[in-house]
Every structure is written in C-alpha cells, then in structure tokens.
Amino acid sequence: MSFEGIPSIGVDAVETNRPGENGETDRVVDVVDLTFGYAAAPVVEDVSFGVDRGEYVGVIGPNGSGKSTLLRLALGLHDPDAGSCRLLGHPSLAFAERERVGYVAQDVTENTKRMPITVAEVVLMGRFPHAGFGRVTESDRERVREALRTVGMERLADRKITALSGGQRQRAYIARALAGEAELLVLDEPTVGVDAESVDAFFELLSDLNDEGMTILLVEHDIGAVLEHASRVICLNREVYFDGSPTAFAESDALDRAYGTNLGGRKGDSDGGKGDIDGRNGGDGR
Amino acid sequence: MTAPLIGDAVRAPYDLLAWLIGLWSDALAAVGDALGIGMLDYVFMHHALLVGGLIAVMAPLVGTFLVHRQMALIGDALAHTAFAGVAVGLFVNSLLGTGISPYVTAVVVAMLAALAIELISEVTDAYNDVSMAIVLSTGFALGAVLISLNTGGLAVGINQYLFGNLATVSRENAALLVVLFLVVSIVVTITYKQLLYVTFDETAARVAGLNVSWYNRLMTTLTAMVVVGAMQIMGVILVAAMLVVPVAAAAQVARGFREALLASVVLAEIAVIVGITLSYRYEATAGGTIVLVAVAVYVGMVLAGKLQSRRDVVEESEAVTGGMDAAAGGSAED
C-alpha cells in the first residue's frame with residue numbers, strides 16, 4: 001500500500017554490481033521451471049531463463065504463446081502454479097522495491113485513456129513510488145525534465161498525452177520508467193500501433209539506454225527488430241524453444257518449430273512438430 | 001438531531017461546527033444587507049449555499065477519478081442505495097421511536113453498498129453495467145418497499161430525498177456535510193498520486209506496487225460519502241450528475257489532469273451558485289436547476305474545446321512550417 005521506508009537507489013547503482021549485498025546477484029530476472037495457466041491448460045510450461053544485469057533480451061513467439069503472461073509472471077502480477085520467479089534477487093510476488101522496475105504496457109495507442117493529462121504528468125508518475133504519500137519535490141520535477149530530455153521529448157512536456165503519436169507516447173512511457181530510476185525496463189509489445197519510422201527510432205533509443213547500462217526485457221512480435229537489436233533471443237511457445245544469440249537463432253530451426261506447432265493445430269494438436277524437442281537448445285553457443 | 005443521539009463524545013466538535021456555520025450565516029446576512037440581495041435574508045439559504053459550495057468541491061474531486069475510470073454509473077447506483085439507507089433510517093425511527101438522522105443511515109448503507117459493488121467487481125473481474133444495474137434497482141426497490149410499509153406521514157416527506165430541497169437543509173445537516181467534506185478532501189489530497197496512477201494505468205500501478213483493489217474500494221467509499229452529502233439538495237435521482245457533468249465539461253478544455261480537476265471544481269461552483277440563485281428566484285427545484293445549468297456549461301465547454309483544438313492544429317502546422325510562415329499564420333488566426 002505504501003512506498004515508505006524503501007531506500008532510494010541512485011542511478012549509479014545501475015552500473016555497480018553488488019553481489020552478496022542484500023542477497024543480490026547480477027541476475028535481474030530469474031525464472032526457474034515455471035508453469036502457469038489461467039485455467040487448467042498451462043499457458044507457459046516448465047520455462048527457465050535468466051536475465052543478467054546489462055543484458056538486452058528479446059522474447060519472441062507466435063500469438064498466444066504466453067509471452068505477455070511470462071512477463072506478467074516475472075513482474076509478480078500472477079502467482080505461478082509451479083516453479084519460481086525472482087526479480088532483482090527477491091521473489092517476484094513479494095518484491096517491494098517496485099520503483100526499480102519500469103513497465104511499458106502493450107498497445108499504448110489503444111489503451112491510453114482519453115483523459116486530460118499532460119506528458120509531464122505521466123512522466124511524473126515514475127516519481128510517485130519515491131514520493132509515497134509525501135509531496136512531489138522540485139528534485140522530482142528535475143528528474144522528470146532530465147528523463148524527457150533523454151528520450152528527446154522535452155518540447156512536448158505540456159502536450160496532452162492523447163495528442164501524441166504512438167511512437168511519442170512510447171517515449172513518454174520510457175521516460176516515466178527513467179524518471180523512476182528503473183534498473184530494469186520491461187516492455188510488452190511496445191511497437192504495436194507505431195509507424196515504421198518511429199519503430200526504428202524507438203529501438204535506437206532502447207539500444208542507447210542499454211549501452212548506458214539499462215537492463216531490457218522485451219516481448220515483441222517483430223522478429224526482425226529483435227534479431228537486429230537484442231543481445232539475446234528467447235523463442236517461446238508455451239515452452240522455451242530457443243535461448244541464445246541472435247546469430248545462432250537465425251541459423252537454427254527454432255523459429256519453424258515454435259511457429260509451426262502453433263500453425264499445425266492451434267488446440268489439441270500441440271504435440272505435432274515437437275518430435276525433435278530435445279534438440280531445442282541446439283542453436284545455443286554456436 | 002444527529003448530535004444528541006450519537007452521544008456526548010461528538011458534542012464539543014458539533015458545537016464548534018454549529019458555531020462556525022452560525023458565523024458563515026451572519027457573514028452572508030451582512031453581505032446580503034450591504035448589497036441588497038434579498039435571497040441572503042434567509043438562514044436556510046445560507047445553509048443551502050454552504051452545502052452547495054462544498055458539494056461543488058468534493059463531487060468533482062471524486063468524480064474526476066470516477067469518470068476517467070469509466071465508472072460514472074457508480075454514482076447513480078450508490079445514490080439509489082443511499083435512498084434505501086434513508087428509508088431504513090425512517091423505518092427504524094418510526095418502529096423504535098428513535099431520532100436518527102436518515103442521512104446518517106444513508107451514509108452507512110451507501111458505504112456498505114460501495115464495498116459490495118467492489119466485491120462483485122473483484123469476483124467477476126470487471127465493473128460490468130449489469131451488476132451495477134442490479135445494485136441500483138435493489139437499492140431503489142428496498143427503499144420503496146420500506147417506505148410503503150410505513151403508514152401515514154413518511155411518504156409525504158420522501159419527496160425531499162428524491163428531488164432534494166433547499167429549504168430543509170438544517171444546521172445539523174450542514175454540519176454533517178462539513179464533516180463529509182473534510183474527510184473526502186483530506187483523503188483525496190493524501191492519496192492523489194496513488195489514485196491518479198491507478199486511474200491512468202492500472203497495470204503499471206500494480207507493477208509499481210500499488211494495491212489497486214484497496215484504492216478502488218477507497219474510491220467507491222468516497223463516492224458514497226459525496227452522494228449522501230449531495231443528496232440533500234440534489235435529490236437521489238440527480239445527485240450523480242454532480243459527479244459527472246462538471247468533470248466531463250472540464251475534460252473538454254483542460255490539457256492536464258490537475259488542470260482538469262481545478263476546472264471541474266470551478267465549473268461545478270458556477271453551476272451550483274447560478275442554479276441555487278435561479279431556483280430561489282423562480283421557485284424551481286434546486287437539483288434540477290443546478291443540473292440544467294451544469295449541462296449548459298458542459299455544452300459551452302464542448303464548443304470551447306472544439307475551438308481550442310482547431311487553434312492547436314494551427315499552432316502545430318505553424319511549428320512545422322517554421323518562423324516566417326508561423327508569423328503569417330498567427331495573424332491570419334486572429
């Protein structure tokens with residue numbers, strides 16, 4: 001309920017590795033043998049992967065493959081049926097230092113409400129967990145201006161958020177995470193409804209942030225963009241079909257297997273095409 | 001009537017409130033004398049203006065969050081359950097011969113209904129208009145049945161709850177409203193940031209560690225308080241309009257959220273003061289007159305909003321075409 005009593009972590013903490021301290025390791029996201037389903041049938045099954053500090057990980061997979069659910073599990077928004085999820089060294093569900101994670105939701109062009117609110121007000125929300133029930137201070141506002149400068153939006157600060165294009169809106173949400181001094185940026189299909197030109201600029205922004213030490217976990221339907229920008233690819237369709245570098249992914253047949261299963265029989269025939277499942281990590285380390 | 005029944009514990013604060021309301025009354029009477037405003041000769045008008053002015057602050061304060069969460073209907077549902085609360089109060093009074101203010105029972109019943117609506121929405125995972133309609137009808141039906149069970153005089157007095165009445169705002173009722181006003185404005189001030197976050201982006205608010213369902217419950221409970229407070233002069237049937245219409249009007253012209261909040265309070269004050277004045281002059285029902293003025297303000301704001309967005313488009317094209325053209329565009333716009 002309250003954010004009080006949570007120590008503020010400076011930007012420099014992003015670059016500093018502090019293994020052991022507060023029981024923390026370099027592992028920002030740690031998912032082990034995770035199984036979860038909204039109903040009886042699991043949406044993700046036996047999934048394990050980790051994201052280390054400073055990595056840029058892209059999760060791809062066909063529609064309904066459990067990508068977004070996996071993100072929500074990693075963030076602690078669902079209770080896993082089996083396995084465990086850890087966020088910055090703590091169990092995701094009980095994770096309290098929420099301001100260290102920045103989240104950009106799916107399809108902001110559709111989901112942004114038609115309500116009067118300015119870009120600056122949206123970005124200021126990133127400071128809310130720090131302020132708790134206290135007042136927003138001048139230093140909070142300075143952080144907001146800084147974040148808007150980083151994403152190149154300072155001139156649009158007083159615009160209504162609904163008056164922005166999809167790409168500009170995404171930048172505003174990134175700025176919100178930056179203003180909150182997030183160490184991990186989690187994005188769920190951020191380019192849906194964004195025009196092609198803005199998509200390129202958007203991925204460039206993510207790469208720049210990653211170069212400066214931001215850990216990025218991204219779910220994306222645009223496979224080409226992930227292969228081009230991410231440092232690691234996870235291919236998911238209920239289970240992990242591939243986890244490795246983009247070059248190794250391009251050389252493997254994981255894409256066909258993951259997407260083929262889904263096309264072969266959306267329901268009921270989910271075993272088809274998984275005969276070579278044991279070789280699913282074959283592309284790794286090539 | 002409220003204070004003696006609840007007991008001596010609230011005696012002193014009540015006396016203080018009554019004294020303050022008396023001061024307000026004297027001040028308005030003096031203003032009325034000085035400016036020759038006949039309306040201000042009456043104590044009940046002083047109370048009505050006080051209550052109306054406070055409602056015009058707290059209704060948009062809560063309504064802004066409701067409207068932008070697409071929960072505008074909840075005000076209506078709670079108003080009808082508050083009506084059931086009034087009926088419960090009247091029923092208990094006639095049965096046991098007690099003197100509980102029906103507004104106190106209305107607050108209690110409406111807040112219980114608010115929590116019930118929240119529970120329903122948490123279990124069914126949505127604010128659906130069906131469950132809201134069920135709560136609304138149940139409240140009204142319960143009120144109607146309880147009142148019909150009472151014989152004689154009670155049914156006569158029920159009109160004042162259905163349609164509101166300026167003349168019956170007593171000092172006790174005004175004091176209750178001051179308390180509700182203080183609670184609502186203090187709570188909204190403290191939780192403004194959290195309510196805004198939950199309103200704008202529920203998922204991100206959850207990721208940020210906010211207990212969303214707790215804030216939803218808080219929101220509906222505050223709504224119940226506003227509804228009961230405003231019921232005295234607006235009446236059950238029109239009370240929800242104060243939560244919605246000024247907010248919708250402000251949303252037409254405001255850019256920012258804080259701006260929208262302030263604008264909706266200003267517009268609501270205009271509607272209340274103009275509405276009360278007109279209803280006094282022409283002896284029309286206050287609730288209806290206030291709502292009609294508010295709707296007129298809304299229509300005006302829609303037109304102003306259209307003009308404003310046209311100007312924004314011009315500005316934007318100026319920004320694109322650059323300095324020289326911008327100067328020409330600016331003069332053309334004038």
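Remember, predicted model here, so these are calculated numbers, not experimental data. Within every chain, numbering begins at 1; the chains are lettered A, B, ... in the order of the sequence lines, protein sequences first and strands thereafter.
Scanning both residues, A:R176 and B:A204, for their nearest heavy atoms gives NH2-CB, 3.3 Å. What you find for B:G256 and A:E121 is that their closest heavy atoms are CA-OE1, 3.1 Å. Between B:Q194 and A:G132, the shortest heavy-atom distance links the atoms NE2-O, 3.0 Å. Taking both residues in full, the closest heavy atoms of B:A208 and A:P129 are given as CB-CG, 4.2 Å, listed atom of the first, atom of the second, then distance. Minimum interatomic distance between B:I190 and A:F133 (heavy atoms only, all atoms of both residues): O-CD2, 3.5 Å.
Proximity to chain B (any heavy atom under 4.5 Å) is shown, for A:V186, by neither the backbone nor the side chain. Residue contact with chain B, scored on non-hydrogen atoms closer than 4.5 Å, involves the side chain of A:L75 exclusively.
Of the inter-residue distances, the one linking A:F128 atom CZ with B:L196 atom CG reads 5.0 Å to the nearest 0.5 angstrom. How far CD1 of A:I117 is from CZ of B:R255: 14.5 Å, rounded to the nearest 0.5 Å. With rounding to the nearest 0.5 Å, the separation of CZ in B:R69 from CE in A:M115 is 10.0 Å.
The number of heavy-atom neighbours closer than 6.0 Å to CZ of B:R258, taken from other residues, nucleotides and ligands shown, is 12 or below. By the 6.0 Å contact criterion, CD on A:E197 is open, its count of non-hydrogen atoms from other residues, nucleotides or ligands being 12 or less.
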Discussion item. One pair to check against side chain to side chain contact (heavy atoms under 4.5 Å, CB included): A:L124 and B:K193. What are the steps and the verdict?
Written reply: CA-CA 10 Å; A:L124 188 62; B:K193 294 190 291 297; over 6 Å; no
